[in-house]
Engineer: 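Below is the structure I would like to discuss, written out as structure tokens.
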Amino acid sequence: IVALPFLSIIDQAAKEYEKFLNNPAEEMFLKTHSLSSLDFNGYEANTAEFFVNIWKSQIVMTTFDQLLYAFFSDKPKHLMRFHNLLNSIIIMDEVQALPPHLWHPFSTFIRYITDIGKSYLLLMSATQPQIIDAAIELVPSVTGNNENKGAKRYFEKLSRYKLLLKHKDIKSIDEFISEMRDRLPKMDEDKIMIVLNTRDSAKKVYENLKDVAKDRETYFLSSYVIPLERLSRIERIKNSERALAITTQCIEAGVDIDMDHVIRDFGPLDSIIQVAGRCNREGEKGEKIVEIVRLYDPDAKSSFCPNGEFSAMVYDTLSIDATTDILGESKEILENQIFDLANKYFNELRRKDLGRNRTECLMNFSYFYLRNGKQRDFDIKKELRGELKQYNLIVDEDGQLKEKIEKLYADYDEKKIDRWELRRKLKELANKIAMNSVSVNAYKFNPDEIAYKGKGNFYFLEARYYDDEVGFNYKTPVGTIII
């Protein structure tokens, strides 16, 4: 079972597996996630869907979400695949993407799966988070200068970038924009990337800096932009000789681009390291700079986010506080120091509460736990995605998707197709729908104001709320935050 954090990585990796395995049938290799096909070896629709849902294949490639559903969900469709976690090899790439509050339950349950279920777990990550207590480092150790070194010796040879730490000097986003408007035209680097923590802050920085990019091509990347266009922009950034990319954390993992200078808003150390890996990626440009700044919006201060810092809007206080403690008073950090720093960071996190209360509620089958004195239901989907309502808004410029979806429901209402055929045909459209949709987690946000709600709860975004440059372009009322 190969589990990856992002759909974009799955599609890339699946092509390599299929090539290596010579285009195998589904019973040999199955790519399965929320948007994948329900076809299985030519079986009729109901049987095929059943086999896909229970992972009836020798090699399964899926998302973190789907794997964790198999571990922790109490829903029958997820429990039906639990047996495939036994006597298996589970590979998790970019494992640092697992939220810290799930470390303890994951570590506990994987111990049972490996001890009782006789399975093996292989974790892969550049930052090597110490999630599993009994994990064994597979990089061979070498003894030299009276020191035994494993993976550390590879990091010690790296000098692609250094972190320039400016996070102690907290700036408002307007101050940052003003500063960058002066700096950008004077910067010599060909390819510059600025990484922000929220989509709205990234959009604001882009709109205020695109006219001072000098002769660089400008690109905006966030999940406000439909995936189809986002992938196209990433490819153009890769091939561009001079570019300014302003982006959210969507650039962190699984995106192979090489920039000359990176500026990143403050965040957890593992996220900072992931972004830094996009600076001088090939190591052919000497030592480049990754600046770490800390931004806030005075207008965004609220009970939800008292200090108005964008990092506090997105990340948990555990990882932010641990990062602040580890960085201390340092002004700069060389890449060959990253390995030791990451170890200190993850050791610091392990001293915190990493979800023990969640483990206890799962072990006693109560499926509720106490947090901040309040009883919470354990719902793995909410644990992964948060409790804010998420809306998928389809950007359908030519109206073809709306027409196809409405036609399917009309056929169903007229009994031309049954509900299984309706589901199968909607699944066939799922990838195209996803590639042309934006997902918005919202607070005090009503999609009916800006989108047409069709049958099946499909929302079609009104054209005036989608901009070709910045994507989703809804102006929220004062005091409302979209993250």
Side-chain angles (χ1 to χ4, degrees), residues 1 3-5 62-75 78-79 81-82 85-86 88 90-137 253 267-271 273-274 314-326 342-387:
I1 302 169
L4 303 169
T62 190
T63 60
F64 276 14
D65 285 14
Q66 294 299 321
L67 178 64
L68 293 173
Y69 292 164
F71 270 111
F72 300 126
S73 175
D74 59 350
K75 294 183 178 179
H78 299 136
L79 291 172
R81 66 183 64 146
F82 183 84
L85 300 175
L86 311 179
S88 64
I90 303 170
I91 301 172
M92 294 183 72
D93 195 8
E94 305 286 5
V95 71
Q96 76 285 342
L98 189 68
H101 62 266
L102 290 177
W103 283 17
H104 192 275
F106 178 76
S107 179
T108 302
F109 276 72
I110 204 67
R111 187 170 68 248
Y112 285 110
I113 292 295
T114 54
D115 290 349
I116 300 174
K118 307 302 179 186
S119 294
Y120 292 87
L121 173 69
L122 177 62
L123 301 179
M124 299 189 292
S125 171
T127 51
Q128 299 196 317
Q130 300 163 18
I131 295 175
I132 308 299
D133 292 330
I136 300 171
E137 175 59 71
L269 184 63
D270 55 312
S271 294
I273 295 171
Q274 286 290 330
V314 177
Y315 299 110
D316 59 88
T317 54
L318 287 178
S319 53
I320 290 296
D321 289 348
T323 301
T324 303
D325 292 343
I326 292 301
N343 274 338
K344 290 178 182 178
Y345 169 71
F346 289 118
N347 282 332
E348 181 69 17
L349 276 184
R350 285 167 64 86
R351 296 172 53 231
K352 313 290 184 180
D353 177 9
L354 300 176
R356 185 180 297 274
N357 55 352
R358 294 165 173 84
T359 304
E360 292 170 354
C361 88
L362 291 168
M363 295 292 283
N364 63 27
F365 295 99
S366 67
Y367 271 80
F368 67 84
Y369 60 94
L370 293 177
R371 189 176 76 193
N372 299 328
K374 294 182 179 180
Q375 181 174 303
R376 307 274 182 168
D377 292 329
F378 183 93
D379 181 327
I380 184 58
K381 190 171 184 179
K382 289 182 179 179
E383 296 288 339
L384 289 166
R385 296 285 168 255
E387 297 189 13

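Residues take their numbers from the sequence shown, with the count starting at 1.
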Engineer: Roughly how far, to the nearest 0.5 Å, is CD of Gln96 from OG of Ser271?
Structural biologist: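 If I round to the nearest 0.5 Å, the distance is 8.0 Å.
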Engineer: Quick one: closest heavy-atom pair of Thr323 and Tyr345, and the distance?
Structural biologist: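 Heavy atoms only, the tightest pair is OG1-CE1, 3.2 Å.
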Engineer: Are the side chains of His101 and Leu354 in contact, using a 4.5 Å heavy-atom criterion?
Structural biologist: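 Side-chain contact under 4.5 Å: no.
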Engineer: Run the side chain to side chain contact (heavy atoms under 4.5 Å, CB included) test on Ile91 and Ile1 for me, step by step, so that the C-alpha distance in whole Å, both residues' side-chain angles and the decisive distance to 0.1 Å come before the verdict.
Structural biologist: CA-CA 6 Å; Ile91 301 172; Ile1 302 169; over 6 Å; no
Engineer: With the side chain counted from C-beta on, respond yes when Asp270 and Phe346 share a heavy-atom pair under 4.5 Å apart, and no when they do not.
Structural biologist: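 In short, these two side chains touch, coming nearer than 4.5 Å.
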Engineer: Can you name the one residue among Phe72, Phe82, Phe71 that meets ring pair (Phe, Tyr, Trp, His ring centres under 6.0 Å) with Phe109?
Structural biologist: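 Single ring pair (Phe, Tyr, Trp, His ring centres under 6.0 Å) partner of Phe109 among Phe72, Phe82, Phe71: Phe72.
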Engineer: If you count heavy atoms of other groups shown closer than 6.0 angstrom to NZ of Lys381, is the number above 12?
Structural biologist: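 Atom NZ in Lys381 is not crowded, with 12 or fewer foreign heavy atoms closer than 6.0 Å.
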Engineer: Does the side chain of Lys344 reach to within under 4.5 Å of the side chain of Asp325, using non-hydrogen atoms?
Structural biologist: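 No, side chains not in contact.
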Engineer: Under 4.5 Å between any side-chain heavy atoms of His104 and Arg358, yes or no?
Structural biologist: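 Side-chain contact under 4.5 Å: no.
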Engineer: Would you indicate whether the side-chain heavy atoms of Leu384 and Leu102 approach each other to under 4.5 Å?
Structural biologist: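 Sidechains of Leu384 and Leu102: in contact.
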Engineer: Output all residues satisfying side chain to side chain donor-acceptor pair (under 3.5 Å) with Arg376, sequence neighbours left out; order by chain, then residue number.
Structural biologist: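 Applying side chain to side chain donor-acceptor pair (under 3.5 Å) to Arg376 gives none.
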Engineer: Can you see which heavy atom on Thr108 is nearest to which on Thr359, and at what distance?
Structural biologist: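 Answer, listing the atom of Thr108 first, then Thr359: OG1-CG2, 3.7 Å.
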Engineer: Which pair of non-hydrogen atoms, one from Ile110 and one from Ile132, has the smallest distance, and what is that distance?
Structural biologist: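 Smallest heavy-atom distance, with atoms named: CG2-CD1, 3.5 Å.
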Engineer: State, to 0.1 Å, how close Thr62 and Gln66 come at their nearest heavy-atom pair, and which atoms those are.
Structural biologist: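 Scanning both residues completely, I find the closest heavy atoms to be OG1-CB, 3.1 Å.
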Engineer: To the nearest 0.5 Å, what is the distance between CZ on Phe106 and CG on Leu98?
Structural biologist: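 Phe106 atom CZ to Leu98 atom CG measures 6.0 Å (nearest 0.5 Å).
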Engineer: Before you tell me yes or no, could you show the steps for Tyr369 and Glu360 under side chain to side chain contact (heavy atoms under 4.5 Å, CB included), namely the whole-Å CA-CA distance, both residues' side-chain angles and the distance that decides it to 0.1 Å?
Structural biologist: CA-CA 8 Å; Tyr369 60 94; Glu360 292 170 354; over 6 Å; no
Engineer: Do you know the tightest heavy-atom contact between Tyr315 and Gly267?
Structural biologist: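 The pair with the smallest heavy-atom distance is CE1-CA, 4.0 Å.
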Engineer: Taking only residues two or more places apart in sequence, or in another chain, which ones meet Asp65 in a salt bridge (charged side-chain N to carboxylate O under 4.0 Å, His left out)?
Structural biologist: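 Salt bridge (charged side-chain N to carboxylate O under 4.0 Å, His left out) list for Asp65, sorted by chain: Arg385.
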Engineer: CG/Leu269 to CD1/Ile326 distance, rounded to the nearest 0.5 angstrom?
Structural biologist: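 One gets 8.0 Å once the value is rounded to the nearest 0.5 Å.
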Engineer: Which pairs, with at least one residue in residues 118-132 and sequence neighbours excluded, count as a salt bridge (charged side-chain N to carboxylate O under 4.0 Å, His left out)?
Structural biologist: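 Listed once each, the pairs would be none.
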Engineer: Please enumerate all residues that pass side chain to side chain contact (heavy atoms under 4.5 Å, CB included) together with Ser73, with sequence neighbours excluded.
Structural biologist: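 Checked Ser73 against side chain to side chain contact (heavy atoms under 4.5 Å, CB included); matches are Tyr69, Lys75, His78, Ile380.
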Engineer: Evaluate side chain to side chain donor-acceptor pair (under 3.5 Å) for Ser319 paired with Asp316, printing each intermediate quantity in order.
Structural biologist: CA-CA 6 Å; Ser319 53; Asp316 59 88; 3.2 Å; yes
Engineer: In Å and rounded to the nearest 0.5 Å, what is the CD1 to OG distance from Ile131 to Ser107?
Structural biologist: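 Ile131 atom CD1 to Ser107 atom OG measures 8.5 Å (nearest 0.5 Å).
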Engineer: Flag the pair Ile90 / Tyr120 as yes when at least one side-chain heavy-atom distance between them is below 4.5 Å, and no otherwise.
Structural biologist: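 Ile90 does not reach Tyr120 side chain to side chain.
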Engineer: For the pair Ser88 (side chain) and Ser119 (backbone), establish whether a donor and an acceptor sit closer than 3.5 Å, ignoring hydrogens and angles.
Structural biologist: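 No: the side chain of Ser88 does not pair with the backbone of Ser119.
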Engineer: Is any side-chain heavy atom of Phe368 closer than 4.5 Å to one of Cys361?
Structural biologist: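 With C-beta onward as the side chain, the pair stays apart.
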Engineer: Is Arg356 close to Trp103 at the side-chain level, that is, under 4.5 Å between some pair of heavy atoms?
Structural biologist: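 A side-chain contact under 4.5 Å is absent here.
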Engineer: Does Asn343 have any side chain to side chain donor-acceptor pair (under 3.5 Å) partners at least two apart in sequence or in another chain, and if so, which?
Structural biologist: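 If we apply the side chain to side chain donor-acceptor pair (under 3.5 Å) test to Asn343, skipping adjacent residues, the hits are Gln130.
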Engineer: How long is the straight-line distance from CD of Glu348 back to CG of Asp321, given to the nearest 0.5 Å?
Structural biologist: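 So the gap between those two atoms works out to 9.0 Å.
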Engineer: Please list, chain by chain and in numerical order, all residues satisfying salt bridge (charged side-chain N to carboxylate O under 4.0 Å, His left out) with Arg350, sequence neighbours excluded.
Structural biologist: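 Only Asp133 meet the salt bridge (charged side-chain N to carboxylate O under 4.0 Å, His left out) criterion with Arg350.
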Engineer: Take Leu318 and Leu349 through the test side chain to side chain contact (heavy atoms under 4.5 Å, CB included) and record every step on the way to the result.
Structural biologist: CA-CA 7 Å; Leu318 287 178; Leu349 276 184; 4.3 Å; yes
Engineer: Kindly determine whether Met124 and Glu94 satisfy side chain to side chain contact (heavy atoms under 4.5 Å, CB included), including the steps that lead there.
Structural biologist: CA-CA 6 Å; Met124 299 189 292; Glu94 305 286 5; over 6 Å; no
